[in-house]
Amino acid sequence: MLDLAIVGGGPAGLTAGLYATRGGLKNVVMFEKGMPGGQITQSSEIENYPGVSDVVSGIELMEKWPEQCQRFGLKHEMVEIQKISKDGDTFLLDTGSETVEAKSVLVCTGSNPRKAGLKGEEEFTGKGVSYCATCDGFFYKEKEVVVVGGGDTALEEALYLAKICSKVTLVHRRDGFRASPATIERVKENDKIELLLESTVEEIVGDKMGVTGVKVETKEGSVDVDAMGIFIFVGYDVNNSVLKNEGGFLCDVNNWGEVRVDLKMRTSVDGLFAAGDVREDAAKQVVCAAGDGATAALSAISYVEGH
Amino acid sequence: MKIVCPHCFQINNIPKKESYAKANCGKCKNSLLQKNLINLGEANLDEVLVNSEIPVIVDFWAPWCGPCKMMGPVFEKVSKNFALKALFAKVNTENEQNLGARFGIRSIPTLAVFKNGKEVDRLSGALDENGLKQLVQKHL
């Protein structure tokens with residue numbers, strides 16, 4: 001039986017694994033379907049992780065984490081956990097082909113970019129509709145693109161795309177942005193970025209090859225914007241499906257499905273912890289997820305040692 | 001059936017069987033039970049696609065793409081389950097921009113399945129092990 005099962009391999013899971021194994025737990029496995037690193041590896045630029053003073057990409061930031069975090073015995077299984085349940089004091093993790101037993105579990109499954117629910121979005125996903133500017137910006141060199149959203153991610157990725165593309169049209173439904181003032185300033189000063197505020201995308205249009213443009217409803221009426229790519233950044237949905245059991249969630253979650261935790265990252269279920277973007281009130285920052293992971297690992301150690 | 005050697009790209013004709021314990025390339029003598037993923041570029045892609053009688057699963061990727069990197073080890077792991085059933089190959093879209101354009105790649109990772117030189121399926125976004133196995137199984 002595992003001392004601790006860590007479900008998810010982003011900054012929270014990796015840090016938790018480091019702390020749990022260095023702190024004395026012997027049997028610790030991190031379940032992550034592919035290479036560890038998490039959603040941050042989709043970010044183009046990070047300049048707010050203390051100690052890393054160069055502006056680096058998400059991939060560069062995370063590159064060294066697995067080696068360091070696995071130095072004290074953390075094991076990585078390339079498996080996606082389907083469901084977590086509890087039988088008495090034992091947690092059962094369903095991998096789809098077998099059941100793994102654990103004394104304690106840390107859920108740090110993070111979140112995923114939210115779909116905007118636009119007409120044509122599904123049809124053109126992978127054919128012009130994208131949720132990752134770092135991944136796909138390259139295919140739009142000197143082309144016109146549209147960015148949808150008004151938060152930090154939308155603005156930062158619009159700035160990134162403006163370096164590659166000939167023109168970026170930013171469509172946002174409000175007249176103000178929910179982003180850091182420094183980023184808003186940079187967006188407003190960038191002459192490759194055109195703002196369409198208090199506007200919404202009515203439809204993504206295209207042909208057999210993919211997206212050719214979008215119809216935007218503005219205050220002055222409907223306009224057609226030519227674009228080969230449309231990048232959507234309208235927030236995130238937490239990945240909480242592993243906690244779904246018959247009759248509801250394994251532990252308490254809030255109205256948005258985010259896992260309720262206390263300051264020690266303990267959920268409403270003994271021995272079950274949550275860390276990073278999946279928990280309520282998460283700041284959704286790498287440094288915060290890592291901190292959560294460390295806190296949760298320390299709590300898991302004292303839980304396992306007390307049982 | 002015709003099998004393209006993943007090492008030297010020689011076309012081998014081998015009997016069709018349920019499973020294979022051993023099969024070596026007639027030219028380079030290396031095992032046809034693919035150990036490494038093959039990298040395709042403009043120079044060899046068409047030849048491999050046309051001459052392979054087993055489906056070719058192509059992963060269009062790039063080194064700066066987080067989800068591609070995440071899926072990399074999954075792709076390699078799953079490839080070992082389909083020795084001589086499907087050929088697993090990668091196209092680095094940074095180095096092979098003409099191929100990216102020719103296949104209309106606008107998002108990575110994109111997985112495309114080819115049979116007898118024709119594209120029969122395509123999926124964008126990172127897949128986990130089960131998802132990838134299902135995609136391959138569908139075309140065997």
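All of these numbers come straight from a predicted model, not from anything done at the bench. Lettering follows sequence order; numbering is per chain, from 1.
- At a 4.5 Å heavy-atom cutoff, B:Pro109 makes no contact with chain A through either its backbone or its side chain.
- Here OG1 of B:Thr93 is found 9.0 Å from CG of A:Asp136. Values are rounded to the nearest 0.5 Å.
- Residue A:Lys75 places its NZ atom among more than 12 non-hydrogen atoms of other residues, nucleotides or ligands, all under 6.0 Å distant.
- Interface residue B:Ile105: backbone and side-chain heavy atoms are both found under 4.5 Å from chain A.
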Could you please spell out the steps behind the side-chain contact (heavy atoms from CB on, under 4.5 Å) verdict for B:Lys69 and A:Glu63?
-> CA-CA 11 Å; B:Lys69 286 212 149 180; A:Glu63 224 162 28; 4.2 Å; yes
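- At most 12 non-hydrogen atoms from other residues, nucleotides or ligands lie less than 6.0 angstrom from NZ of A:Lys215.
- For chain B, the option among A:Cys135, A:Ser130, A:Gly34 with the highest count of heavy-atom pairs below 4.5 Å is A:Cys135.
- The residue among A:Lys127, A:Met78, A:Glu80 with the most heavy atom pairs within less than 4.5 Å of chain B is A:Met78.
- Interface remark: A:Val211 contributes backbone and side-chain atoms alike to the contact with chain B (heavy atom separation under 4.5 Å).
- For chain B, the nearby part of A:Tyr140 is the side chain; its heavy atoms alone come within less than 4.5 Å.
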>> Quick one, A:Lys33 with B:Met71, criterion side-chain contact (heavy atoms from CB on, under 4.5 Å). Give me CA distance, side-chain angles, the key distance, then yes/no.
In response: CA-CA 8 Å; A:Lys33 67 179 169 189; B:Met71 200 181 70; over 6 Å; no
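- Interface residue A:Lys141: only side-chain heavy atoms are found under 4.5 Å from chain B.
- For the pair A:Phe139/B:Ile108, a side-chain contact is recorded, criterion being any heavy-atom separation below 4.5 Å from C-beta on.
- Contacts of A:Ser57 with chain B are absent, with no heavy-atom separation under 4.5 Å from either backbone or side chain.
- The greatest number of non-hydrogen atom pairs below 4.5 Å with chain B, out of A:Ile59, A:Val79, A:Val129, A:Thr41, is found for A:Ile59.
- Only the side chain of A:Glu32 comes within contact range of chain B, judged by heavy atoms closer than 4.5 Å.
- In terms of heavy-atom pairs under 4.5 Å with chain A, the best-connected choice from B:Gly104, B:Pro67, B:Ala62 is B:Pro67.
- B:Ser107 touches chain A through backbone and side chain together, each having a heavy atom under 4.5 Å away.
- In terms of heavy atoms, B:Ser124 sits closest to A:Gly126 at OG-CA, 3.5 Å.
- Under a cut-off of 6.0 angstrom, the local environment of CD in B:Glu119 is crowded, with over 12 non-hydrogen atoms contributed by other residues, nucleotides or ligands.
- Between atom CZ of residue A:Phe124 and atom CZ of residue B:Arg106 there is a gap of 9.0 Å, rounded to the nearest 0.5 Å.
- Proximity to chain B (any heavy atom under 4.5 Å) is shown, for A:Met228, by both the backbone and the side chain.
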